Amino acid sequence: MEENLILKNISRHISLDKDETSYFLSLLKGKKVQKKELIIKHQQPCKDINFVVSGILRAYYTDASGKESTIMFAVSDWWITDMYCFINGKPSMLNIEALEESSILQLSKDSLDKLYCKVPKFERFFRIMMQNAYIREQLRTIENLSLPAEERYHNFLKKYPLAAERVTQKQIASYLGITPEFLSIIKTNKQKSNCS
């Protein structure tokens with residue numbers, strides 16, 4: 001099951017033969033993650049990119065005053081890491097925690113480099129994945145600068161329909177860059193408009 005999901009994810013962009021598939025799977029490390037467990041900790045080495053098989057993860061940044069800002073959520077069939085630190089071998093800027101019991105597959109930076117050498121088509125896969133991530137984050141930045149909070153919340157519901165029901169209002173608000181109280185007003189207004 002876990003292998004099928006990640007292979008289906010990869011097959012959207014590249015085709016692997018039997019030997020390439022076997023080699024790729026041999027590099028993966030499965031891990032069960034408990035609710036609230038951190039798989040990446042701020043200022044610790046960021047050695048793995050993670051594929052979510054089940055559950056939900058949240059990447060967040062904590063500023064000097066202790067305020068958390070959610071960078072992204074990752075649900076089943078998504079990849080997540082602190083990409084800057086993973087690629088450059090730097091200590092993590094983010095924390096990544098499981099919001100519920102989760103199952104992930106991890107690929108280390110060393111294994112990824114070996115994979116690029118042995119199966120060069122993975123360079124194409126990860127290039128496409130990183131391009132898509134860059135585009136997604138650029139659009140999110142533009143949304144945050146240009147759209148009212150109500151519209152950002154509506155876009156969040158479209159982008160993360162599974163997460164919206166499984167994460168706290170505080171976590172959603174930190175992703176949107178608003179207070180939980182303001183999010184509560186937006187949700188109340190949305191419910192009223194749905195009823196009329």
Side-chain angles (χ1 to χ4, degrees), residues 1-14 16 19-64 66 68-138 140 160 163 167 171 174-175:
M1 165 59 182
E2 293 181 353
E3 293 175 353
N4 290 342
L5 188 61
I6 198 168
L7 292 175
K8 185 177 176 186
N9 180 279
I10 286 163
S11 72
R12 292 182 195 126
H13 303 296
I14 60 173
L16 301 176
D19 290 339
E20 292 166 338
T21 299
S22 179
Y23 181 69
F24 169 65
L25 293 176
S26 76
L27 298 175
L28 298 174
K29 182 176 63 180
K31 183 173 183 173
K32 299 290 184 196
V33 189
Q34 298 306 307
K35 183 176 181 176
K36 297 191 177 188
E37 182 180 342
L38 294 174
I39 62 164
I40 295 177
K41 296 178 186 173
H42 179 253
Q43 290 299 314
Q44 297 297 312
C46 180
K47 297 180 181 175
D48 300 297
I49 186 166
N50 306 281
F51 179 80
V52 182
V53 177
S54 64
I56 182 167
L57 304 180
R58 173 178 79 115
Y60 65 94
Y61 174 78
T62 306
D63 69 15
E68 293 179 4
S69 296
T70 299
I71 307 302
M72 74 174 287
F73 297 99
V75 294
S76 178
D77 199 34
W78 283 49
W79 295 83
I80 188 169
T81 192
D82 183 331
M83 191 60 75
Y84 171 78
C85 300
F86 174 72
I87 295 297
N88 295 297
K90 304 278 188 191
S92 181
M93 297 183 291
L94 304 175
N95 290 297
I96 299 180
E97 76 168 329
L99 298 180
E100 60 189 36
E101 189 172 306
S102 302
S103 177
I104 60 175
L105 294 170
Q106 297 182 302
L107 181 66
S108 72
K109 179 67 167 69
D110 289 343
S111 293
L112 180 61
D113 290 338
K114 289 176 188 171
L115 189 60
Y116 286 159
C117 291
K118 185 142 181 173
V119 188
K121 62 181 84 171
F122 270 98
E123 287 191 352
R124 179 176 193 274
F125 173 78
F126 282 101
R127 174 182 54 81
I128 291 169
M129 191 179 76
M130 289 180 200
Q131 283 174 182
N132 291 342
Y134 181 83
I135 290 166
R136 185 175 61 244
E137 290 311 307
Q138 180 178 329
R140 179 178 174 212
Y160 292 113
V167 302
Q171 291 162 346
S174 79
Y175 177 83

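Owing to the predicted nature of the structure, the values given are computational and were not obtained by experimental measurement.
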> Mind checking whether S69 and D63 have side chains closer than 4.5 Å, heavy atoms only?
no
> Among V33, D48, I80, find the one that has a side chain to side chain contact (heavy atoms under 4.5 Å, CB included) with I104.
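The residue from V33, D48, I80 that satisfies side chain to side chain contact (heavy atoms under 4.5 Å, CB included) with I104 turns out to be V33.
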> To the nearest 0.5 Å, how far apart are CD in E97 and CD1 in I56?
10.5 Å
> So how far is it from L105 CG to F24 CZ, rounded to the nearest 0.5 Å?
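It is 8.0 Å, given to the nearest 0.5 Å.
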> If you take all heavy atoms of R58 and L99, which pair is closest and at what distance?
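Shortest heavy-atom contact: CB-CD1, 3.8 Å.
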> Measuring from L107:CG to L115:CG, what's the distance to the nearest 0.5 Å?
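Output value for this atom pair is 6.5 Å.
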> Please determine whether side chain to side chain contact (heavy atoms under 4.5 Å, CB included) holds for the pair I40 and L94, giving the CA-CA distance in whole Å, both sets of side-chain angles, and the decisive distance to 0.1 Å.
CA-CA 7 Å; I40 295 177; L94 304 175; 5.6 Å; no
> Is the backbone N or O of I71 less than 3.5 Å from a side-chain atom of R140, with the two atoms forming a donor-acceptor pair by type?
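Present.
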> Within this structure, what is the CG-OG distance for the pair L27 and S108, rounded to the nearest 0.5 Å?
7.5 Å
> Can you confirm whether more than 12 heavy atoms, excluding those of K47, are under 6.0 Å from its NZ atom?
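12 or below, so no.
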> Show the numbers, then the answer: is there a side chain to side chain contact (heavy atoms under 4.5 Å, CB included) between L28 and F51?
CA-CA 10 Å; L28 298 174; F51 179 80; over 6 Å; no
> Would you say the side-chain atoms of W79 and N9 include a donor-acceptor pair closer than 3.5 Å?
yes
> Would you please test K114 and D110 for salt bridge (charged side-chain N to carboxylate O under 4.0 Å, His left out) and show each step?
CA-CA 6 Å; K114 289 176 188 171; D110 289 343; over 6 Å; no
> How close do I87 and K109 get, heavy atom to heavy atom, and via which atoms?
O-CE, 3.5 Å
> Does some side-chain heavy atom of C85 sit less than 4.5 Å from a side-chain heavy atom of M93?
yes
> Please lay out, stage by stage, how T70 and Y61 fare under the test side chain to side chain contact (heavy atoms under 4.5 Å, CB included).
CA-CA 6 Å; T70 299; Y61 174 78; over 6 Å; no
> Tell me whether K41 at atom NZ has more than 12 heavy atoms from other residues, nucleotides or ligands lying less than 6.0 Å away.
no
> Side chains of V75 and V52: does their closest heavy-atom pair fall under 4.5 Å?
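Side chain of V75 against side chain of V52, heavy atoms only: no contact under 4.5 Å found.
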> Is the terminal nitrogen or CZ of K118 (NZ for Lys, CZ for Arg) located under 6.0 angstrom from the six-membered ring centre of Y23 and within 45° of that ring's axis?
yes
> Quick one: pull up OG in S92 and CD1 in I39 and give me the separation to the nearest 0.5 Å.
10.0 Å
> Do side-chain atoms of S11 reach the backbone of K8 as a donor and acceptor pair under 3.5 angstrom?
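Present.
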> Kindly compute the distance separating CG (N95) from CD (Q44), expressed to the nearest 0.5 Å.
9.5 Å
> Would you check if K31 and E37 make a side-chain contact, meaning some heavy-atom pair closer than 4.5 Å?
yes
> Of the non-hydrogen atoms in L25 and I6, which two are nearest, and what is the gap between them?
CD2-CG2, 4.4 Å
> Is there a side-chain contact between Y60 and I96 (heavy atoms, below 4.5 Å)?
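No, every pair of side-chain atoms sits at 4.5 Å or beyond.
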> Counting C-beta onward and ignoring hydrogens, is there a side-chain heavy-atom pair between I49 and M83 closer than 4.5 Å?
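Touching, per the 4.5 Å side-chain cut-off.
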> Side chains of M72 and W78: closer than 4.5 Å at any heavy-atom pair?
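Of all side-chain heavy-atom pairs linking W78 with M72, at least one is under 4.5 Å.
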> Would you say Y116 has more than 12 foreign heavy atoms packed within less than 6.0 Å of its OH?
yes
> H13 versus K121: any side-chain heavy-atom pair under 4.5 Å?
no
> Is the number of heavy atoms from other residues, nucleotides or ligands under 6.0 Å of E100 CD greater than 12?
yes
> Restricting to non-hydrogen atoms, name the atom on L57 and the atom on S102 that form the minimum distance, rounded to 0.1 Å.
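Scanning both residues, the minimum pair turns out to be CD2-OG, 4.0 Å.
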> Could you tell me whether the side chains of N50 and T81 share a donor-acceptor contact shorter than 3.5 Å?
no
> So, for T21 and L16, which heavy atoms are closest and what is the spacing to 0.1 Å?
OG1-CB, 3.3 Å
> So, for V167 and F73, which heavy atoms are closest and what is the spacing to 0.1 Å?
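Heavy atoms of V167 and F73 come nearest at CG1-CE2, 3.7 Å.
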> When you look at E123 and I128, which way does the side chain to side chain contact (heavy atoms under 4.5 Å, CB included) test go after all the steps?
CA-CA 9 Å; E123 287 191 352; I128 291 169; over 6 Å; no
> Centre-to-centre under 6.0 Å for Y160 and Y175, is that the case here?
yes
